[in-house]
Amino acid sequence: MDYRAMEKKWEKKWEETKLYSFDPNQPGEKKYVLEMFSYPSAAKLHIGHWYNYGPADSFARFKRMQGYNVFHPMGFDAFGLPAENYAIKTGIHPKDSTYANMEIMEEQLRNIGGSFDWNHTVKTCDPGYYKWTQWLFLQLYKNGLAYRKEAPVNWCPSCNTVLANEQVVDGCCERCHTAVTRRNLTQWFFRITQYADELLADLPKLDWPERIKAMQVNWIGRSEGAEITFSLENGGSFPVFTTRADTLFGNTYCVLAPEHPLVDSITTPEQKEAVDQYREYAAGASDIDRLSTAREKTGVFTGGYAINPINGRKVPIWIADYVLFSYGTGAVMAVPAHDERDYEFALKYDLPIERVVEGGEGLPYIGSGKLINSPGFDGMENTKGIGAIVAALEEKGMGKLKVNYRMRDWLISRQRYWGAPIPMIHCEHCGVVPVPEDQLPVELPYDVDFTPDGTSPLLKNEAFMNVTCPVCGQPARRDADTMDTFVCSSWYYLRYPDCENTEEAFNIDIMDKMLPVDMYIGGAEHACMHLLYARFFTKALRDMGLLHFDEPFLRLVNQGLILGPDGEKMSKSRGNVVSPDDYIDQYGSDVFRMYLMFGFSYIEGGAWNDDGIKAISRFLDRVERLVGQVCENGKPQGGEKVASAAEKELLYVLANTVSRVTDDLERLSFNTAIARIMELVNALYRYREAGANNAAILWKAMGDLVLMLAPFAPHFAEEMFNRMGGEYSVFQQKWPECNEADMVRDIVNIAVQVNGRVRARLDVEAQADNKAIEAAALADEKVQAALEGLTVQKVIVIPKRLVSIVAK
RNA sequence: GCCGAAGUGGUGGAAUUGGCAGACGCGUCGGACUCAAAAUCCGAUAUGGGCGACCAUGUGCGGGUUCAAGUCCCGCCUUCGGCACCA
């Protein structure tokens with residue numbers, strides 16, 4: 001068969017008949033099956049796309065055939081750096097290349113055989129979409145969840161933009177791997193930390209991979225401790241955060257982050273030069289240096305002193321870059337006896353070390369024990385000491401229990417061109433003013449010089465920048481930055497069902513009907529970015545009354561990664577990239593998809609190897625031959641009866657196959673589902689080989705076979721269904737049901753073990769009760785031989801499987 | 001260092017709640033068809049021993065629980081992924 005021609009034929013027919021267009025009023029429970037949308041950085045789909053979208057599409061088709069009203073949309077995450085970098089290199093405008101890529105990709109996605117409804121799609125770079133991204137920004141702003149502040153931020157000198165914390169990997173830009181530096185800039189942030197607790201608390205509710213949940217827990221980094229106020233000698237005070245308030249008596253010095261605003265005022269004239277030098281040094285260090293645990297701790301004394309609130313002791317204040325300004329309060333109380341970092345620092349700079357917890361062999365000791373050298377608290381278990389000491393401080397207003405998070409607010413400004421403009425206006429008189437909603441979208445101008453120079457490209461477009469202030473009417477300037485593309489992707493799943501809406505981002509009634517997403521499939525690399533941001537958006541929008549649910553994605557599955565043949569991640573530089581195209585030309589897209597689903601465990605992935613691809617091709621050929629045979633033999637006349645053992649056996653295999661394939665698809669175990677179908681085909685061959693030819697049974701089995709094949713090889717199944725005289729389309733057929741009665745064999749083979757070792761096999765009637773089975777087992781010759789000289793202690797019968805005899 | 005996942009034949013990978021380990025493929029070997037090859041069809045294939053029905057050993061390593069452990073418990077080893085000076 002000419003697979004390519006056959007596939008094209010059905011793709012055309014599906015298109016013409018709008019087979020996949022979604023109608024919310026169709027019967028059947030709604031099922032929102034979603035794959036992470038694709039980024040159109042290149043026109044061609046790579047194996048990773050196929051591996052994500054092919055199997056996910058099979059799942060959607062399966063659910064559709066089961067009678068669900070499946071909503072299965074696809075779109076494009078179209079803004080972003082690669083298109084812009086490509087433009088800088090080639091001179092082709094990001095808009096032109098992106099739209100051209102999307103067109104080709106859409107065609108290729110049809111080619112996969114994807115059952116996507118292209119009437120429900122989004123392109124995040126369409127003004128009709130980003131108008132609402134901007135609108136959502138304004139809603140966050142109005143609700144105090146978007147704010148601007150100056151802060152030291154991650155700067156990628158190669159991409160010429162700031163990055164969110166989540167986009168910095170090992171101190172490098174996650175995109176280009178350039179070492180990230182820090183800059184003090186005024187930027188927009190989303191207050192995701194306000195939802196830290198809920199983002200953490202709701203995780204157990206989700207049917208997500210444990211791995212991803214663990215990563216989010218880790219990332220959110222909830223830490224229970226206390227905030228304790230240290231006053232300064234000459235007035236003023238500063239809070240520190242600590243998880244070890246119990247060790248407060250062992251505090252011998254304090255450390256501020258070099259960026260801490262208090263540093264200037266507490267530094268004495270004698271120390272000023274050293275402090276200034278150190279701050280310069282700290283600012284110059286890249287994150288890579290600064291974050292390294294192996295790095296030796298450094299710092300300088302400021303000359304200032306703080307008062308320990310529990311005992312009034314005067315302790316020196318140092319600055320050191322092992323204290324991070326962005327975590328906690330940017331200041332710590334150092335207890336060198338009970339903290340490794342403080343200990344190392346104290347040794348180096350010869351600061352006093354005082355033990356206040358008993359236990360351990362040497363110092364530092366971080367374990368638990370009784371408090372000592374802590375007047376008023378001595379002898380108390382240190383775990384209780386935390387509460388007691390904080391309570392004592394609380395009376396004086398010098399301390400309280402506090403929860404801190406590792407997660408920071410989400411920095412969303414980007415000094416790049418190809419993104420959604422931030423809908424804000426800067427007015428000399430009125431300050432920062434939101435663009436009125438009726439003036440949205442703030443359109444991204446086409447004609448912009450986006451050669452990177454460290455400033456926002458939009459800054460150079462005067463026509464864009466100059467506006468009148470919506471409050472006072474005087475000349476003002478637009479915000480020149482664009483939003484992180486993760487903002488665009490934080491809400492696209494809400495837009496799909498209502499993507500034509502020009503009045504609102506999404507209609508709440510439609511949301512009530514269609515959301516949340518029932519099944520979300522995509523790569524694990526988004527664990528702490530997209531998946532966290534989308535959850536934050538959902539919760540924030542819910543609190544604004546725009547949604548009625550708490551979580552966007554009820555079930556999440558991460559497909560594995562297909563590696564190069566060498567077992568390494570595919571990359572151009574390694575030269576181990578495998579392109580799907582040649583395989584598809586040779587075998588067709590069904591075979592390719594099905595091989596991906598058969599040759600790997602979906603969750604695991606693995607190194608590419610095409611040994612098995614011929615097997616799938618051969619398998620479909622076998623099915624085609626069978627279809628030819630049964631068609632030739634003619635349809636059943638009626639009146640055929642199940643008589644022979646071969647017929648019963650075939651029905652048994654069929655019933656089991658239906659049952660297993662259904663279960664396997666439910667849990668996305670595609671490889672075993674396909675193996676099951678292969679077994680059915682083997683059974684059909686055996687049946688034919690034996691000369692049997694009961695048309696009723698053959699047509700029943702073949703009919704179910706084609707239906708079960710439909711999710712995996714949609715074009716092929718449509719063709720076979722058609723050849724067998726089925727009325728278009730196979731996807732409007734009902735998923736086969738398992739005939740329970742056929743699943744029982746008349747005779748069951750049971751293993752008999754004596755003391756854990758199989759000694760005999762027994763053919764037993766399926767209906768036989770335990771006692772009969774037990775008696776038969778004990779009467780067996782081989783069992784009796786094995787029991788010679790032993791006394792039977794216990795007999796355990798597991799019906800239809802095993803008899804276990806214990807004897808001494 | 002902390003958190004998470006995994007380790008099964010020559011090979012990709014199977015094994016619902018502990019219940020006949022290695023399904024289904026690939027590869028290899030043998031057979032049928034053929035003048036021959038390809039394609040197709042049938043059969044064998046964990047390891048060691050035996051002509052054989054069979055026996056013994058086997059799921060990273062060492063212990064344990066159980067009639068029964070790839071699966072559960074304790075202690076390790078290795079690989080991969082994530083976090084990492086977070087006070």
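Within every chain, numbering begins at 1; the chains are lettered A, B, ... in the order of the sequence lines, protein sequences first and strands thereafter.
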*Asks:* Counting any heavy atom closer than 4.0 Å, what does A:Arg211 reach on the DNA or RNA strands: base, sugar-phosphate only, or nothing?
*Replies:*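 Since only primed, P, OP1 and OP2 atoms lie under 4.0 Å of A:Arg211, the category is sugar-phosphate.
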*Asks:* Mind checking the C1' distance from B:A6 to B:G13? Whole angstroms is fine.
*Replies:*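 Between the two C1' atoms, the distance is 14 Å.
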*Asks:* Taking CG from A:Leu561 and P from B:G12, how many angstroms apart are they, rounded to a whole number?
*Replies:*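 The answer, rounded to whole Å, is 17 Å.
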*Asks:* Starting at the 5' end of RNA chain B, what dot-bracket string do you get if Watson-Crick and G-U pairs under 3.5 Å are bracketed, crossing pairs use [ ], other-strand pairs use | and unpaired bases use dots?
*Replies:* (((((((..(((......[....)))((((((.......))))))((((....))))..(((((..]....))))))))))))....
*Asks:* Distance check: side-chain N/O of A:Arg757 vs OP1/OP2 of B:A68, anything under 4.0 Å?
*Replies:*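 So the side-chain polar atoms of A:Arg757 never come under 4.0 Å of the phosphate oxygens OP1 or OP2 of B:A68.
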*Asks:* With sugar-phosphate meaning primed atoms plus P, OP1 and OP2, does A:Gly605 contact a base, only sugar-phosphate, or nothing at under 4.0 Å between heavy atoms?
*Replies:*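 Since only primed, P, OP1 and OP2 atoms lie under 4.0 Å of A:Gly605, the category is sugar-phosphate.
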*Asks:* Would the base of B:C85 count as contacting A:Lys297 through its side chain, where contact means a donor and an acceptor less than 3.5 Å apart?
*Replies:*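 When only heavy-atom distances are counted, A:Lys297 does reach the base of B:C85 through a donor-acceptor pair under 3.5 Å.
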*Asks:* Check the angle between the aromatic planes of A:Phe600 and A:Trp608 and answer parallel, tilted or perpendicular using the 30° and 60° thresholds.
*Replies:*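 Judged by the thresholds at 30° and 60°, the geometry between A:Phe600 and A:Trp608 is parallel.
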*Asks:* Could you state the CG-P distance from A:Leu401 to B:A87, rounded to the nearest angstrom?
*Replies:*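 Going from A:Leu401 (CG) to B:A87 (P), I get 15 Å.
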*Asks:* Looking at A:Asp610 and A:Ile613, would you say the former's side chain and the latter's main chain have a donor-acceptor pair under 3.5 Å?
*Replies:*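 No, because the side chain of A:Asp610 does not come within donor-acceptor range (under 3.5 Å) of the backbone of A:Ile613.
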*Asks:* Taking A:Ser617 for its side chain and A:Tyr587 for its backbone only, find out whether a donor-acceptor pair lies under 3.5 Å.
*Replies:*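 Such a contact is absent between A:Ser617 side chain and A:Tyr587 backbone.
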*Asks:* Applying a 4.0 Å non-hydrogen cut-off, can you work out what A:Arg761 is touching in the nucleic acid: base, sugar-phosphate, or nothing?
*Replies:*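 Here A:Arg761 touches the bases of the nucleic acid.
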*Asks:* Side-chain N or O of A:Arg622 less than 4.0 angstrom from OP1 or OP2 on B:C41?
*Replies:*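 True: A:Arg622 side-chain N/O within range (under 4.0 Å) of B:C41 OP1/OP2.
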*Asks:* Nearest to the side chain of A:Trp219, heavy atoms from C-beta on, is which of B:C41, B:C67, B:C83?
*Replies:*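 So the side chain of A:Trp219 is nearest to B:C83.
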*Asks:* Determine the contact category for A:Asp342: base if any of its heavy atoms lies under 4.0 Å from a base atom, sugar-phosphate if only primed atoms, P, OP1 or OP2 are that close, otherwise nothing.
*Replies:*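 A:Asp342: no heavy atom of the nucleic acid under 4.0 Å.
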*Asks:* From CD1 of A:Ile220 over to P of B:G82, roughly how many Å is that when rounded to an integer?
*Replies:*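 Atom CD1 in A:Ile220 sits about 18 Å away from atom P in B:G82.
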*Asks:* Of the nucleotides B:C24, B:A56, B:A84, which one has an atom closest to the side chain of A:Glu679?
*Replies:*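 From the listed options, B:C24 comes nearest.
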*Asks:* Ignoring the backbone of A:Ala675, work out which of B:A23, B:A87, B:A15 is nearest its side chain.
*Replies:*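 Of the candidates, B:A23 comes closest.
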*Asks:* Would you classify B:G9 as syn or anti? Syn applies when the glycosidic angle is within 90° of 0.
*Replies:*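 Here the answer is syn: the torsion falls within 90° of 0.
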*Asks:* When we call it a touch if two heavy atoms are under 4.0 Å apart, what does A:Gln753 touch: a base, just sugar-phosphate, or nothing?
*Replies:*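 Base: the residue A:Gln753, judged by heavy atoms under 4.0 Å, touches a nucleobase.
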*Asks:* If the C1' atom of B:G25 is compared with that of B:G19, how far apart are they to the nearest Å?
*Replies:*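 So the two C1' atoms sit 26 Å from each other.
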*Asks:* For atom C1', what is the distance between B:U11 and B:C83, given to the nearest Å?
*Replies:*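 Between the two C1' atoms, the distance is 35 Å.
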*Asks:* Could you walk me through whether A:Tyr281 and A:Tyr278 pass the ring-ring contact (aromatic ring centres under 6.0 Å, His included) test, one step at a time?
*Replies:* CA-CA 5 Å; A:Tyr281 153 81; A:Tyr278 186 77; 5.4 Å; yes
*Asks:* Will you find, in the side chains of A:Ser223 and A:Asn404, an N or O donor that is under 3.5 Å from an N or O acceptor?
*Replies:*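 A:Asn404 and A:Ser223 do not have a side-chain donor-acceptor pair below 3.5 Å.
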*Asks:* Using a heavy-atom cut-off of 4.0 Å across all strands, would you classify A:Asn671 as base, sugar-phosphate, or nothing?
*Replies:*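 Sugar-phosphate contact only.
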*Asks:* Could you tell me whether A:Phe600 contacts a base, only the sugar-phosphate backbone, or nothing, with contacts defined as non-hydrogen atoms closer than 4.0 Å?
*Replies:*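 Contact class for A:Phe600: none.
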*Asks:* Mind calculating the distance between CZ (A:Arg688) and P (B:C42) to the nearest angstrom?
*Replies:*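 Roughly 13 Å, once rounded to whole Å.
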*Asks:* Between B:C85, B:C41, B:G12, which nucleotide gets closest to the side-chain atoms of A:Asp321?
*Replies:*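 Selected nucleotide (nearest to the side chain): B:C85.
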*Asks:* Tell me: CG of A:Leu680 to P of B:C24, nearest whole Å?
*Replies:*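 So the two atoms are 13 Å apart, to the nearest Å.
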*Asks:* Mind checking the P distance from B:A21 to B:C54? Whole angstroms is fine.
*Replies:*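 To the nearest whole Å, 15 Å.
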*Asks:* Can you confirm whether A:Glu340 is buried at CD, in the sense that more than 12 heavy atoms of other residues, nucleotides or ligands lie under 6.0 Å from that atom?
*Replies:*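 Not more than 12 within 6.0 Å, no.
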*Asks:* Categorize A:Ser804 for me: base, sugar-phosphate, or nothing, with a 4.0 angstrom heavy-atom threshold over every strand shown.
*Replies:*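 Result for A:Ser804 = base.
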*Asks:* Does A:Ser223 or A:Arg759 map to a spot on RNA chain B nearer the 5' end, using the closest nucleotide for each?
*Replies:*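 Its nucleotide being nearer the 5' end, the pick is A:Arg759.
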*Asks:* Whole angstrom is fine here: how far is it from CD1 in A:Ile613 over to P in B:G12?
*Replies:*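 Between P of B:G12 and CD1 of A:Ile613: 18 Å.
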*Asks:* Check whether any side-chain N or O of A:Ser58 sits under 3.5 Å from a backbone N or O of A:Pro711 as a donor-acceptor pair, and report yes or no.
*Replies:*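 Yes.
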*Asks:* Please identify each residue that fulfils side-chain hydrogen bond (donor to acceptor under 3.5 Å, both in side chains) with A:Ser368, with sequence neighbours left out.
*Replies:*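 Partners of A:Ser368 under the side-chain hydrogen bond (donor to acceptor under 3.5 Å, both in side chains) test: none.
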*Asks:* Using salt bridge (charged side-chain N to carboxylate O under 4.0 Å, His left out), reason through A:Glu649 and A:Arg686 one step at a time and then give a plain yes or no.
*Replies:* CA-CA 10 Å; A:Glu649 177 63 18; A:Arg686 276 198 301 275; 5.6 Å; no
*Asks:* Taking only the C1' atom of each, what is the distance from B:A87 to B:A5 in whole angstrom?
*Replies:*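 Pairwise C1' distance, B:A87 against B:A5, rounds to 30 Å.
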*Asks:* Checking side-chain polar atoms at under 3.5 Å, does A:Arg676 have a donor or acceptor matched by the opposite partner on A:Asn656?
*Replies:*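 The criterion, which ignores hydrogens and geometry beyond distance, is not satisfied for A:Asn656 and A:Arg676.
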*Asks:* Work out how far the P atom of B:A46 is from that of B:G10, and round it to whole angstrom.
*Replies:*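 Their P atoms lie roughly 11 Å apart.
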*Asks:* Please determine, for the side chain of A:Arg625, which listed nucleotide (B:U17, B:U40, B:A87) has the closest atom?
*Replies:*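 Nearest to the side chain of A:Arg625 among the choices is B:U40.
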*Asks:* B:A87 phosphate, OP1 or OP2: any side-chain N/O from A:Tyr327 under 4.0 angstrom?
*Replies:*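 Result: yes.
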*Asks:* Quick one: closest heavy-atom pair of A:Gln559 and A:Tyr602, and the distance?
*Replies:*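 So the minimum-distance heavy-atom pair works out to CB-CZ, 3.3 Å.
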*Asks:* To the nearest Å, give me how far apart CG (A:Leu620) and P (B:C24) are.
*Replies:*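 These atoms are roughly 18 Å apart.
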*Asks:* Examine the base of B:C24 for any acceptor or donor lying under 3.5 Å from a partner atom in the side chain of A:Arg676, and report the outcome as yes or no.
*Replies:*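 Side chain to base: no pair present.
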*Asks:* Just to be sure I understand the rule, does A:Glu210 reach a base, reach only the sugar-phosphate, or reach nothing, if contact means heavy atoms closer than 4.0 Å?
*Replies:*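 Here A:Glu210 touches no strand at all.
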*Asks:* Closest nucleotide of RNA chain B for A:Arg686 versus for A:Ala615: which of these residues is on the 5' side?
*Replies:*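 The 5'-side residue here is A:Ala615.
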*Asks:* At under 4.0 Å between heavy atoms, what does A:Gly599 touch on the DNA or RNA strands: base, sugar-phosphate, or nothing?
*Replies:*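 Contact class for A:Gly599: sugar-phosphate only.
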*Asks:* Would you measure the distance from the P atom in B:U28 across to the matching atom in B:U79 and give it in whole Å?
*Replies:*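 33 Å, rounded to whole Å.
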*Asks:* Distance check: side-chain N/O of A:Asn682 vs OP1/OP2 of B:G25, anything under 4.0 Å?
*Replies:*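 For B:G25, OP1/OP2 do have a side-chain N/O of A:Asn682 under 4.0 Å.
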*Asks:* What's the gap between B:U65 and B:U71 when it is taken at their C1' atoms, as a whole Å value?
*Replies:*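 About 14 Å, rounded to a whole number of Å.
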*Asks:* Between B:G4, B:A87, B:G82, which nucleotide has the shortest distance from any of its atoms to the side chain of A:Thr243?
*Replies:*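 When the side chain of A:Thr243 is considered, B:A87 is the closest of B:G4, B:A87, B:G82.
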*Asks:* To the nearest Å, how far apart are A:Asp610 CG and B:G27 P?
*Replies:*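 In whole Å, B:G27 P and A:Asp610 CG are 11 Å from each other.
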*Asks:* Of the nucleotides B:G82, B:C26, B:A87, which one has an atom closest to the side chain of A:Val332?
*Replies:*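 That would be B:A87.
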*Asks:* Compare side-chain N and O positions of A:Ser601 against OP1 and OP2 of B:A14 and report whether any pair is under 4.0 Å apart.
*Replies:*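 Checking B:A14 against A:Ser601, a side-chain N or O does come within under 4.0 Å of OP1 or OP2.
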